[in-house]
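Encoded as structure tokens, the structure appears first; notes follow it.
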Amino acid sequence: MSDTRQSAGRDGSLSRRGLLTAGAWGVPVVVLAVAAPAASASGSDPVLTPFGPIGVDPNTQVFGLSLSNLPDIPPSGESDYEGILIDFCLPEGLAILSVSEGWAFVGALDDIYEGGDGYVYNTGAIDAGTDVSVEVTVGLDPALTSLEGILGADVSVTSAYFGLVAWNYLYGTSTGTILPNCAAPQNRR
């Protein structure tokens with residue numbers, strides 16, 4: 001796995017709301033819903049299949065996402081997310097540490113376990129009909145002994161499709177209090 005990390009300021013400059021209302025993400029939701037079928041090569045929406053988490057060690061887990069039925073996907077770059085954007089909603093205590101080859105991520109560098117949004121995006125073009133997957137390594141703050149909950153992510157594909165995915169996670173032993181999925185519509189900030 002590569003460790004491609006981009007800096008995001010503590011001032012919230014890459015907040016979920018700010019990112020989705022700026023640049024290419026400024027398209028109204030109605031347009032996104034109407035454009036989704038036309039964006040796919042086969043005429044139907046992309047298929048998102050989460051897998052994992054896979055435990056690497058007590059403080060590190062890998063969360064995977066397979067994407068199929070994709071249209072042609074352009075590469076994304078820093079602040080230019082034209083292809084696939086996966087917005088992880090991380091609780092305090094977790095941080096994205098690395099992503100698989102062909103992907104990059106943006107996250108805070110000064111206090112990486114502070115929680116908040118972590119953005120994962122494709123760095124190369126993807127041909128229509130190609131199935132791809134990404135593995136995201138998420139670590140637990142070494143100062144914590146356990147954390148459990150539901151890790152959620154919003155997935156956007158070429159600004160024309162939007163979907164939600166989630167994984168159950170458990171670091172250490174069960175605490176009895178499961179942290180909710182902050183990416184779920186009822187929990188959005």
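Every residue two or more places apart in sequence or in another chain that forms a side-chain contact (heavy atoms from CB on, under 4.5 Å) with S66 is listed here: T49, F51, S133.
Side-chain N or O atoms of D72 include one that pairs as donor or acceptor with a backbone N or O of A128 at under 3.5 Å. Distance alone, capped at 3.5 Å, places no donor-acceptor pair between the S76 side chain and the Y121 backbone. Remark: the backbone N or O of I84 is paired with a side-chain donor or acceptor of N122 at under 3.5 angstrom. In this structure, the side chain of T130 engages the main chain of D127 through a donor-acceptor pair within 3.5 Å. A side-chain donor-acceptor contact under 3.5 Å links N69 to the backbone of D45.
Side-chain atoms of V157 and L85, non-hydrogen and from C-beta on, never get closer than 4.5 Å to each other. Annotation: side chain of T158 is in contact with side chain of I73 (closest heavy-atom distance under 4.5 Å). Within the 4.5 Å cutoff, the side chain of I96 has heavy atoms near those of the L90 side chain. Taking 4.5 Å as the limit, some side-chain heavy atom of P142 sits within range of a side-chain heavy atom of Y113. Using a 4.5 Å heavy-atom cutoff, the side chains of L48 and L65 are in contact.
Between F63 atom CZ and F88 atom CZ the span is 8.0 Å, to the nearest 0.5 Å. Separating the OG atom in S159 from the OH atom in Y161 is a distance of 14.0 Å, to the nearest 0.5 Å.
Of all heavy-atom pairs spanning P46 and L70, the tightest one is CB-CD2, 3.9 Å. Counting all heavy atoms, side chain and backbone alike, V132 lies closest to W103 at CG2-CZ2, 4.3 Å. Closest non-hydrogen pair, G149 versus I178, comes out as CA-CG2, 3.4 Å. When all heavy atoms are compared, the tightest approach of D117 to C89 is OD1-CA, 4.4 Å. Closest heavy-atom contact between D154 and F162: CB-CE1, 3.5 Å. Closest approach of Q61 and L170 over heavy atoms only: NE2-O, 2.6 Å.
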Steps toward side-chain contact (heavy atoms from CB on, under 4.5 Å) verdict (L151, N181): CA-CA 6 Å; L151 178 61; N181 172 7; over 6 Å; no

From CA spacing to verdict: side-chain contact (heavy atoms from CB on, under 4.5 Å), Y119, I86: CA-CA 6 Å; Y119 303 102; I86 307 168; over 6 Å; no

Chi angles and distances behind the side-chain contact (heavy atoms from CB on, under 4.5 Å) call for T60, V138: CA-CA 6 Å; T60 310; V138 178; over 6 Å; no

Check against side-chain contact (heavy atoms from CB on, under 4.5 Å), L94 and D141: CA-CA 6 Å; L94 295 182; D141 185 339; over 6 Å; no

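When the side chains of ILVMFWY residues are joined at heavy-atom separations under 4.5 Å, either directly or via intervening members, V47 and L67 end up in two distinct hydrophobic clusters. A single hydrophobic cluster is not seen to contain both V136 and I150; linkage of ILVMFWY side chains at heavy-atom distances under 4.5 Å, directly or through other members, places them apart.
Among residues at least two apart or in separate chains, side-chain hydrogen bond (donor to acceptor under 3.5 Å, both in side chains) pairs with a member in residues 164-179 are E148-S174.
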